[in-house]
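Let me begin by presenting the structure, written as structure tokens, before commenting on it.
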Amino acid sequence: MKQWREYRAAFILILIMLCAWELAARLAELPFIFPSPTGMLIRLWELREVLLFDHLPATLSTIMIGLAISIVLGAGLAVLMNVSSTVERAFYPILISSQTIPIIALAPIFVLWFGYSIWSKVVVTVLITFFPITVNTFDGLRSGNKALRELLLTMGANKREIFMKLSVPSALPYFFSGLKVAVTMSVIGAAIGEWLGAQAGLGYFSRRMMTQFDGAGVFAPIVLLSAVGIVLFLIVVWLEKRLLKWRSKE
Amino acid sequence: MSRSVLQLREVSFHYEGERDEEKLSIFHTLNLSINNGEFISIVGPSGSGKSTLFRLITGLEQPAGGDILLNGEIRKDRLGSVGYMPQQDLLMPWRSILDNAALPLELKGIKKAMAHKQVMELLEEFGLKGSEYRYPSELSGGMKQRVSFMRTVLSGSNLMILDEPFSALDAITRMAMQEWLLEQWEKRKKTILFITHDVNEALFLSDRVFVFSEIPVRTLQEVKVPLERPRNLRDLNNPDVIKLKDHLIDQLRVKVKP
């Protein structure tokens, strides 16, 4: 009941917008470029088999492989930058400037390098999700309280113990913030990759429907993509709540 | 009983500056000796080098000259040998009370189950029974300080340094905590070095009170507290103690120029 009250306003707003869209679409009568929400749902239902069993698995594997690589590389680099200031000075500026490169513009190059295989999509996903994970984890590792660090020293703790007992727990909330951003962006990354060259995947399917002037067919996989993003986000929130129980007490 | 637990022999210390004349000298050939089982307080206005003294004794800083002796031995590596209770409770918010108190045991390499057992045995005395699985954010200020003190006790050192531990508590909780601390000290037979800016607190708790003079500190003015133990807060109304208190306050007032 409390949750309903919290989300009521958003729910009503979405409902109003969908109604307005439905009305406008029916009046316009241009379904190939401006489909109605109900038209999309019907198309989603008609295409359920090919979407759920052919294209969703392709996109999901791109997202999962990309995220896994980003987490391992990102957290690893964050730890290295935390341990060595030389590594930090060497990598941090590159990391920041890498974000100014329009990855979408680079994506066709990856298709040339890796072909239509899954790896061209994974590379785009990694490039997009690597940054929030690395920067957040790095900031988190540095966020450990200095006074607490000195207290640990007076207890005879060595560097490794300070890292494990202070830096890592301090970094976890930051890591999860980064991961939340990364999972939503991973969907975008995978979709961009598929748009530019793929043989399967929701992004690829959406583009194919566009060439066939099937407006509802363009939107159906997009609805599914956004659902994937929301589900992934909720999974991270759930994990965060479980692992950081202490935060909910504050 | 009169074995020396802590001794400073002609200790000098200064913070580094860019140039020589910017060096800030804090201690100059300072001598200090604390015996086993004593309760010593150090009073001084803020910025008088109190916390520097604590950093030197715990080993976070090294003296530029002179020696620091723990239990009669010259020690260069003092980290891990002196129990330190900081001003803020500094509990880890992600650890339960049980895990927070077990931290020094964990760092000594004691198995988790064994460490938890040791903590559990102390919980009742520290008034924390039933709170072992709660998180620091769920406790009151006084309770957090008791957890912090328990953690210091569990470090196992015979010398404990308490850095203004009650300064953030309200007056009533503070009085209760002072009485409780005395009980604990009498029972555990530890040596306590207590830092405070509250003259009443110093007089009530200590055997001897040291006053920090101006920077750089060359000598510490020492005052013996003429009270028997066990003590009662009313003992502070004793005429001798009141005189002593006025004397201490005058001493401190000279140092603080508004």
Side-chain angles (χ1 to χ4, degrees), chain A residues 2 71 75 78-79 82-83 85 133 136-180 235-250, chain B residues 51 54-62 70 75 77-110 112 115 131 133-139 148 151-157 159-163 165:
Chain A
K2 212 177 131 195
I71 290 173
V79 168
N82 181 253
V83 172
S85 57
I133 292 178
N136 272 286
T137 310
F138 178 62
D139 285 346
L141 287 169
R142 278 200 303 191
S143 74
N145 186 329
K146 187 171 168 271
L148 202 44
R149 195 177 154 267
E150 290 192 334
L151 181 71
L152 280 166
L153 281 173
T154 69
M155 290 180 185
N158 58 32
K159 268 191 172 160
R160 201 184 62 89
E161 286 166 327
I162 288 174
F163 181 76
M164 292 306 290
K165 291 181 198 299
L166 177 63
S167 304
V168 171
S170 308
L172 267 184
Y174 289 76
F175 169 76
F176 274 107
S177 304
L179 193 57
K180 276 190 238 172
I235 291 174
V236 175
V237 169
W238 176 79
L239 259 176
E240 185 185 23
K241 272 206 174 128
R242 276 199 58 130
L243 282 171
L244 306 177
K245 255 187 286 174
W246 59 274
R247 283 186 109 200
S248 55
K249 311 267 187 185
E250 284 190 333
Chain B
S51 41
F54 282 73
R55 295 177 67 83
L56 276 170
I57 296 169
T58 51
L60 288 171
E61 303 279 0
Q62 290 296 346
L70 294 178
R75 290 280 300 272
D77 58 321
R78 297 178 295 281
L79 289 171
S81 319
V82 180
Y84 174 59
M85 177 176 175
Q87 191 168 357
Q88 310 97 16
D89 53 74
L90 291 184
L91 299 174
M92 295 176 164
W94 55 84
R95 282 181 171 236
S96 66
I97 299 315
L98 187 60
D99 287 328
N100 261 298
L103 184 62
L105 301 171
E106 251 176 74
L107 290 171
K108 287 205 168 74
I110 292 170
K112 203 164 194 169
S131 300
Y133 298 113
R134 292 165 81 189
Y135 289 93
S137 56
E138 300 174 273
L139 300 189
S148 174
R151 181 176 62 185
T152 312
V153 167
L154 284 168
S155 72
S157 317
L159 173 63
M160 295 196 294
I161 294 183
L162 279 50
D163 185 4

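A note on names: the letters A, B, ... follow the listed sequences, proteins ahead of strands, and every chain is numbered from 1.
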*Determine the minimum heavy-atom distance between B/W94 and A/K165, stating which atoms define it.*
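It is CZ2-O, 3.4 Å.
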*Going by residue number, which parts of residues 170-179 of chain A are within reach of chain B, meaning a heavy-atom gap below 4.5 Å?*
A/S170
*asked:* Just to be sure I understand the criterion: a residue of residues 149-157 of chain A counts if one of its heavy atoms is under 4.5 Å from a heavy atom of chain B. Which ones qualify?
replied: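 Interface residues of residues 149-157 of chain A: A/E150, A/L151, A/L152, A/L153, A/T154, A/M155, A/G156, A/A157.
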*Mind checking salt bridge (Lys or Arg N to Asp or Glu O under 4.0 Å) for A/D139 and listing every partner two or more places apart, or none if nothing turns up?*
A/R142
*asked:* Can you tell me if A/K245 has over 12 outside heavy atoms packed within less than 6.0 Å of its NZ?
replied: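 No, because the 6.0 Å sphere around NZ of A/K245 holds 12 heavy atoms or fewer from other groups.
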*Which pairs pass salt bridge (Lys or Arg N to Asp or Glu O under 4.0 Å) with one or both residues in residues 87-104 of chain B, sequence neighbours excluded?*
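Listed by first then second residue: B/R95-B/E106.
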*Tell me, for B/R55 versus chain A, whether the close heavy atoms (under 4.5 Å) come from the side chain, the backbone, both or neither.*
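Only the side chain of B/R55 comes within 4.5 Å of chain A.
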*Contact class of B/L60 relative to chain A, heavy atoms under 4.5 angstrom*: side chain
*For A/L244, is it the side chain, the backbone, both, or neither that has a heavy atom closer than 4.5 Å to a heavy atom of chain B?*
neither
*With the side chain counted from C-beta on, respond yes when B/M92 and A/W246 share a heavy-atom pair under 4.5 Å apart, and no when they do not.*
no
